[in-house]
Protein chains: 2
Amino acid sequence: MNKKNNEVLKKRATLIDVAKLSGLSTGTVSRVLNNHSSVSDEARKKVEDAIKKLNYVPLSTARSLAKGISNTIMLSIIEENPILPSTWRYELPAVQGIYDYLKDTSYSLQIGIGFVEEAKKSKFFENLIKDKYVDGLLILGSWPINYKSLLYLEDRNIPYVLIGCRSVAPTRAEVSFDNHGAIVKIIDYLVQLGHTKFALIGGLKEQIHMIDRAKGFRDALLARDLKVYPNLIKFGDYQIDSGYQLMLELLEENPRPTAIICGNDFMAAGAIRAIHDKGYRVPEDFSVVGFDDNEVAKVISPQLTTIKVPVFEMGHLAVEKLCSMIQKDKEIEEITILPCELVIRSSTGKCNQKEKI
Amino acid sequence: MNKKNNEVLKKRATLIDVAKLSGLSTGTVSRVLNNHSSVSDEARKKVEDAIKKLNYVPLSTARSLAKGISNTIMLSIIEENPILPSTWRYELPAVQGIYDYLKDTSYSLQIGIGFVEEAKKSKFFENLIKDKYVDGLLILGSWPINYKSLLYLEDRNIPYVLIGCRSVAPTRAEVSFDNHGAIVKIIDYLVQLGHTKFALIGGLKEQIHMIDRAKGFRDALLARDLKVYPNLIKFGDYQIDSGYQLMLELLEENPRPTAIICGNDFMAAGAIRAIHDKGYRVPEDFSVVGFDDNEVAKVISPQLTTIKVPVFEMGHLAVEKLCSMIQKDKEIEEITILPCELVIRSSTGKCNQKEKI
DNA sequence: TTGTAAGCGTTATCAG
DNA sequence: CTGATAACGCTTACAA
């Protein structure tokens with residue numbers, strides 16, 4: 001009673017069954033399945049009827065073997081270790097964007113997760129996919145990729161697209177977001193509010209997003225003839241506590257900043273807490289900006305002005321690109337940088353500090 | 001220069017190449033590959049040398065076809081639409097738990113994402129995997145699963161494990177967490193602090209986690225001879241605003257609760273904001289408890305007492321169970337409920353309301 | 001212990 | 001437009 005009757009178990013119908021039932025050959029059935037043009041309407045109909053009747057579904061592995069393709073795309077997620085809370089928020093929308101595109105294709109999405117340390121090794125991708133059979137690779141991460149590791153993919157002629165990361169050597173295709181431009185946007189907005197003394201509470205210094213943003217920070221200030229105070233540029237680890245700590249330090253600096261740009265919303269939350277603890281107000285005394293538009297942005301008070309990153313779109317675009325690389329065997333060589341959106345809430349305001357000349 | 005020399009492109013070595021190089025037959029090579037015992041050490045060594053020399057890796061699809069297994073496990077994620085922020089936090093740890101187990105096996109992890117509405121249809125799983133070839137299915141969601149849909153899996157004899165969800169009809173294997181017990185833990189703790197008037201700010205009423213928790217809420221109160229006030233039990237949608245709104249309503253109720261248990265940390269954040277807006281304090285006037293131990297719990301003030309759900313472990317356990325179902329062709333019939341952890345922070349405290357007799 | 005050869009379910013080539 | 005039939009790369013009886 002517990003065990004299913006194995007004799008009764010419906011054997012999966014095969015293409016041969018379909019051929020027999022429809023009275024046609026396997027070749028014709030296959031042609032119908034693959035939408036080849038040279039099939040008479042009559043034959044097509046017979047085959048389709050048989051397929052329906054038998055509830056036939058082609059076996060993907062057999063198909064792969066015969067065609068020499070896998071119809072599988074692998075998403076390699078490279079994570080910080082220990083995992084930062086913000087990565088949850090970053091990765092899943094990307095996965096969704098990818099799946100959203102793939103669900104209307106015949107591709108399957110396979111997943112592999114590795115840590116940054118492993119991804120630094122030169123055999124990372126080889127180990128990841130050597131016993132798999134994938135048509136292409138999507139690489140999602142926030143740290144530089146070991147180029148040697150990518151060489152394996154080049155050798156095997158497996159197309160790949162980097163999402164939000166890059167390698168030291170130039171790669172074929174990348175989809176990323178405009179870290180640099182996002183900071184420029186923030187600074188433009190704050191300058192308009194009268195701010196002139198900017199501080200940066202950065203996240204992990206070596207992480208590529210942060211590198212770009214730190215550069216954007218300097219570039220934007222210089223371009224507006226504003227001074228870059230090296231003592232107002234600090235780096236932490238993306239966690240609340242480090243935002244808190246660094247903000248305390250900033251309060252002791254000279255000059256004191258009036259606007260603080262943070263590496264993510266958590267650090268911004270920490271910074272705001274530090275400001276409050278010292279008896280100051282946001283945004284009256286200090287304007288604070290986050291990054292990511294994490295949920296915390298709406299939970300803390302004042303609600304956070306921050307940057308929204310188009311992660312879903314990045315995933316979508318990346319996989320679209322990958323598929324056309326696979327199908328057309330085209331060598332797309334392209335770096336796409338998606339713009340970010342400045343979300344203005346209540347943690348930023350007019351600069352109230354009187355200018356000392 | 002742009003195009004790779006296709007002639008030069010290393011053709012992947014096949015088992016036949018290995019056989020030739022080693023001077024043995026394909027059968028023997030295959031036996032070595034599959035660790036069959038009846039191979040002489042000498043032959044084994046020759047084969048292994050050849051494998052190394054040729055950099056040979058078996059082609060998974062060919063293997064699958066010959067063996068009649070796919071070595072692939074599919075994770076079906078069923079999401080709310082629109083997606084709730086808290087789901088990001090819930091799903092990825094589960095994926096990691098699953099992958100963490102799978103990475104040491106020969107299984108690949110494939111992913112499929114669907115929305116709750118689709119999952120209600122009777123052909124959901126059929127549509128999901130009919131053109132795939134998977135050995136087993138992991139089902140991750142927070143809503144009741146259409147049993148008819150599962151019947152397809154039963155018919156095809158594809159084992160599956162539900163994670164955090166269930167079906168109306170009994171299913172073979174489930175891994176979930178103890179919603180009911182978590183609420184009991186919370187109430188025990190609050191009773192100890194002197195609270196007697198409890199309110200529930202629930203999330204989506206039909207969601208299975210919420211159903212269990214609402215039941216736990218009533219059961220725990222009754223078991224302690226405390227009164228269940230129906231007007232203090234309200235349901236929202238897991239968002240901050242709804243927590244805020246429902247808390248405002250609670251402040252008008254009679255009796256007024258002194259302890260509020262919320263459906264998740266976001267609703268708790270909203271509730272706390274409402275309390276503050278009305279000039280009361282947490283935890284002096286009201287104790288508030290969240291659920292999930294989301295990042296926001298540490299960001300808001302006071303920091304939130306909440307429940308931590310073992311999502312990683314659930315994923316890990318579920319896939320372990322699934323694999324043994326696949327391998328041993330064993331009919332595991334088992335529901336595993338993992339305990340949750342009460343994380344005590346600063347949003348809860350002694351009840352300061354004087355008892356009116 | 002080893003080799004041979006027949007599958008596994010499709011696709012693709014080549015005649016017809 | 002259709003039908004045979006040889007691949008695709010590997011596993012697994014069955015023989016030796």
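We use all heavy atoms of the structure for the numbers below, so side chains are in, but hydrogens, waters and symmetry mates are not. Labels below follow one simple rule: chain letters A, B, ... track the order of the sequence lines, proteins then strands, and each chain is numbered from 1.
- Between the CG atom of A:Leu59 and the C1' atom of C:dT10 there is a distance of 9 Å, rounded to whole Å.
- Closest approach to the A:Ser25 side chain among D:dT2, C:dT10, D:dG9 is made by D:dT2 (side chain taken as heavy atoms from C-beta onward).
- Side-chain atoms of B:Asn35 and B:Arg44, non-hydrogen and from C-beta on, do get closer than 4.5 Å to each other.
- At a threshold of 4.0 angstrom between heavy atoms, the contacts of A:Thr26 include nucleobase atoms, whether or not backbone atoms are also involved.
- Checking D:dG9, C:dT10, C:dT2 against the side-chain heavy atoms of B:Leu24 singles out C:dT2 as nearest.
- A donor atom on one side chain and an acceptor atom on the other are found under 3.5 Å apart for B:Asn71 and B:Ser106.
- Donor-acceptor pairing under 3.5 Å is lacking for the side chains of A:Ser64 and A:Thr61.
- Side-chain atoms of B:Thr72 and B:Gln110 include no donor-acceptor pair closer than 3.5 Å.
- DNA chain C lies under 4.0 Å from at least one heavy atom of each of the following residues of residues 37-48 of chain B: B:Ser38, B:Val39, B:Ser40, B:Ala43.
- Heavy atoms of B:Gly27 sit under 4.0 angstrom from at least one base atom.
- In summary, the side chains of A:Asp135 and A:Ser70 do present a donor paired with an acceptor at a separation below 3.5 Å, with no hydrogens or angles considered.
- Atom-to-atom, CZ of B:Arg63 to C1' of C:dG9 comes out at 19 Å; the value is rounded to the nearest Å.
- Checked options A:Lys52, A:Lys53, A:Lys46, A:Lys45; the residue passing with A:Asp49 is A:Lys45 (criterion: side chain to side chain donor-acceptor pair (under 3.5 Å)).
- Put simply, CD1 on A:Ile69 is 15 Å from P on C:dT10, counting in whole angstrom units.
- If you check the side chains of A:Lys123 and A:Asn146, you find no donor sitting under 3.5 Å from an acceptor.
- B:Arg172 and B:Glu334 are not joined by a salt bridge, as no carboxylate oxygen comes within less than 4.0 angstrom of a charged side-chain nitrogen.
- Following rounding to the nearest Å, B:Lys130 (NZ) and C:dG9 (P) show an atom-to-atom distance of 20 Å.
- Where B:His36 and B:Thr61 meet DNA chain D, the nucleotide closest to each residue was compared, and B:Thr61 sits on the side nearer the 5' end.
- A donor-acceptor contact under 3.5 angstrom links the side chains of B:Lys321 and B:Thr336, judged on distance only.
- A:Asn34 places its CG atom 13 Å from the C1' atom of C:dG9, with the value rounded to the nearest Å.
- Between the CG atom of B:Leu33 and the P atom of D:dT12 there is a distance of 11 Å, given to the nearest Å.
- Using a 4.5 Å heavy-atom threshold, the side chains of B:Arg12 and A:Arg156 count as touching.
- A close approach under 4.0 Å does not occur between any side-chain nitrogen or oxygen of A:Arg31 and OP1 or OP2 of C:dT11.
- Distances shown here put every side-chain N or O of A:Thr14 at or beyond 4.0 Å from the OP1 or OP2 atom of C:dG9.
- Counting to the nearest Å, the P atom of D:dT5 and the CG atom of A:Leu15 are 16 Å from each other.
- Residue A:Thr28 has a polar side-chain atom (N or O) positioned under 4.0 Å from OP1 or OP2 of D:dG3.
- A heavy atom closer than 4.0 Å to some atom of DNA chain C occurs in no member of residues 50-58 of chain B.
- Rounded to an integer number of Å, the gap from A:Lys20 NZ to D:dA4 P is 13 Å.
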